[in-house]
Structures are given as C-alpha cells and as structure tokens.
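Worksheet for the structure shown next.
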Amino acid sequence: MRWLTTLLTCCLPISATAHPHVFIDTGLEFIVDDAGQLTHVRVTWVYDEFYSLLVLEDMKLDQDADGVLTDAEEQVLAGFDAQWVEGYNGDLVVQADGTNVPLSGPMEPHATTEDGRIVTTHLRAVEDGFVPATALSAKPFDETYYTAYEVTRPVTVSGPDTCKVERFDPDIDGQLAQMQAFLLTLDADYDLEENDIPLVGENFATEIRVSCPNT
C-alpha cells in the first residue's frame with residue numbers, strides 16, 4: 001500500500017496526515033474449538049524497516065545493529081505495542097453474521113526481529129466467550145490510514161479441518177481513482193488537521209472470511 005503515499009503527496013500540498021506513516025504486514029490465526037466456535041484471534045504485526053529502526057533506537061535495543069535481538073532484549077520489546085488506550089479496537093474488526101464481535105485487549109505479547117524488522121504477536125479473546133464460526137469476517141485496518149495494513153503473513157485456522165478461509169482484496173485502482181478525484185476537489189490551502197480527515201482506511205482493507213460448518 002505504499003502506492004497511496006505517492007498519490008496523496010503528489011496530488012495536493014496537503015497535510016502529511018493524509019497518508020500512512022507506518023506500514024505493517026499482517027497475519028491472523030483464528031482459534032476455533034471443536035464445536036465450531038471462535039474463541040480467540042492471534043494477530044501478527046511486522047513493522048516496516050524505518051519504523052522498526054526508530055523503535056529499536058528509542059528503546060536502546062540491538063545496539064550492535066546486527067538486526068538480531070537477545071532473549072533479554074526480546075523481553076524488553078515484548079508488549080511495546082500492546083499498551084492500548086481505552087476504546088482502541090486494535091485496528092481489527094471481526095464480525096459474525098454482520099455483527100461486530102467484541103474482542104479483549106492484547107494478551108500474551110511476544111516480540112522479535114526478522115531482517116531488522118520488528119515482529120510482534122498478541123492474542124485476543126472473544127469477550128462473550130465464543131461465537132459461532134459459521135460466517136466470520138475480519139478486516140485489519142486503521143480508519144484514519146495513519147497505519148497501513150497489508151495481509152501478507154499467513155492466515156490460518158486452528159481448529160476443525162472443515163474450516164475454510166477466503167480472501168477478498170480491495171479494488172485498489174477504483175479506490176485510488178475515487179481518492180484522487182476527492183483530493184482534486186480540495187483547495188490547496190485545505191488543512192486536514194483542522195477539518196475532518198477522510199476515513200479511507202477500510203476502503204483499502206483486505207477482508208478475510210472464515211466459515212466452519214456446524215459440528
């Protein structure tokens with residue numbers, strides 16, 4: 001999704017808040033019990049190289065700059081992105097039959113590095129205990145598009161072998177055309193920080209659908 005950065009910065013001299021500042025490769029694991037009920041979702045985030053460098057430098061980790069953390073450094077890093085403010089949805093919307101599934105905050109945080117990029121995982125529980133996994137939809141996205149999520153890591157189901165996963169990617173060209181048309185309607189002095197920032201994140205989100213037949 002780095003293409004959107006170029007589009008937004010070239011169309012108009014508008015605020016930098018209009019395009020992503022952080023890029024995250026995302027993976028999802030849906031944990032389904034033997035009765036076909038979703039109980040947890042495990043999320044993997046792989047941060048872009050530049051943001052990873054900023055975090056590691058700020059936390060004074062990987063001082064030898066070899067891109068590999070010691071066990072002690074991994075323990076320090078674990079949970080750095082799991083301190084969520086109240087009301088934050090973790091940039092993940094999960095629905096069951098069209099209804100939002102309430103998820104817990106992050107649990108069991110883990111962090112490491114791969115080729116200099118920070119890789120973190122966290123576990124989220126279904127707050128009502130479980131929901132039927134017959135028709136699930138999941139979209140990782142930041143509605144303000146400050147952070148761009150791409151589902152490039154594995155998407156799996158831990159549970160019955162009958163569960164199926166489908167992926168639906170957004171219409172990138174169509175969404176870009178709409179965004180460009182919108183930007184061209186704005187005055188060059190338009191300040192996105194003082195006005196409502198377009199909430200375009202979901203438009204560029206990959207949707208994952210999971211279906212587990214009743215057992």
Of all heavy-atom pairs linking Arg124 and Gly90, the shortest is NH1-CA, 3.8 Å
Would you confirm whether Thr39, through its side chain, and Ile31, through its main-chain N or O, come within 3.5 Å as a donor-acceptor pair? yes
Is the count of non-hydrogen atoms from other residues, nucleotides or ligands lying under 6.0 Å from Asp64 atom CG greater than 12? yes
Heavy-atom count around Phe80 CZ within 6.0 Å, excluding the residue itself: above 12? yes
Got more than 12 heavy atoms from elsewhere within 6.0 Å of CZ, Phe50? no
Do side-chain atoms of Ser104 reach the backbone of Ala125 as a donor and acceptor pair under 3.5 angstrom? yes
Plane angle bin for His21 and Tyr146 - parallel if under 30°, tilted between 30 and 60°, otherwise perpendicular: parallel
Any ion pair linking Glu150 and Arg167 (charged N to carboxylate O, less than 4.0 Å)? no
Short side-chain to backbone donor-acceptor contact, Asp66 and Val68, under 3.5 Å: yes
Return yes if some donor-acceptor pair links the side-chain N/O of Thr70 with the main-chain N/O of Glu73 below 3.5 Å, else return no. yes
Quick check: closest heavy atoms across Thr134 and Ser211, and the distance to 0.1 Å? O-CB, 3.4 Å
Could you tell me whether Asp161 atom CG has more than 12 heavy atoms of other residues or ligands within 6.0 Å of it? no
Do Val93 and Tyr149 share a hydrophobic cluster, counting only Ile, Leu, Val, Met, Phe, Trp and Tyr and linking them when any side-chain heavy atoms are less than 4.5 Å apart? no
Ion pair check, Glu166 and Arg209, cut-off under 4.0 Å: no
So among Ile118, Leu53, Leu69, which one has a side chain to side chain contact (heavy atoms under 4.5 Å, CB included) with Asp62? Leu69
Thr156 (side chain) donor-acceptor with Glu29 (main chain) under 3.5 angstrom: no
I would like to know whether Thr120 and Asp81 meet side chain to side chain contact (heavy atoms under 4.5 Å, CB included); could you show each step before the answer? CA-CA 8 Å; Thr120 71; Asp81 57 357; 2.8 Å; yes
Point-to-point distance, once rounded to the nearest 0.5 Å, from CD of Gln83 to OH of Tyr88: 12.5 Å
Under a 4.5 Å side-chain heavy-atom rule over Ile, Leu, Val, Met, Phe, Trp and Tyr, are Leu123 and Val41 clustered together? no
Taking all non-hydrogen atoms of both residues, which atom of Leu28 and which atom of Ala138 are closest, and how far apart? CD1-CB, 4.3 Å
If you group Ile, Leu, Val, Met, Phe, Trp and Tyr by side-chain heavy-atom gaps below 4.5 Å, do Leu54 and Met59 land in one group? no
Only one of Thr26, Val43, Val46, Thr121 passes side chain to side chain contact (heavy atoms under 4.5 Å, CB included) with Arg153, and that residue is Val46
For the aromatic rings, using the six-membered ring if either is Trp, is the centroid distance between Phe204 and Phe141 under 6.0 Å? no
Report the C-alpha distance between Leu38 and Phe30 in whole Å, list the side-chain angles of each, state the deciding distance to 0.1 Å, and finish with yes or no for side chain to side chain contact (heavy atoms under 4.5 Å, CB included). CA-CA 7 Å; Leu38 177 72; Phe30 299 89; 4.0 Å; yes
Of Ile24, Leu92, Asp91, which is the lone residue that meets side chain to side chain contact (heavy atoms under 4.5 Å, CB included) with Pro140? Leu92
If every non-hydrogen atom of Ser52 is compared with every non-hydrogen atom of Arg117, which pair is closest and at what distance? OG-CA, 3.5 Å
Note: Asn100 and Gln95 closest approach over all heavy atoms is OD1-NE2, 2.9 Å
If you compare all heavy atoms of Pro132 against all heavy atoms of Gln37, which two are closest, and at what distance to 0.1 Å? N-OE1, 3.1 Å
Start with the C-alpha gap between Asp142 and Thr144, add the side-chain angles, then the distance that decides, and say whether side-chain hydrogen bond (donor to acceptor under 3.5 Å, both in side chains) holds. CA-CA 5 Å; Asp142 170 12; Thr144 68; 3.0 Å; yes
Trace of the side chain to side chain contact (heavy atoms under 4.5 Å, CB included) decision for Val22 with Tyr47: CA-CA 7 Å; Val22 182; Tyr47 293 87; 4.0 Å; yes
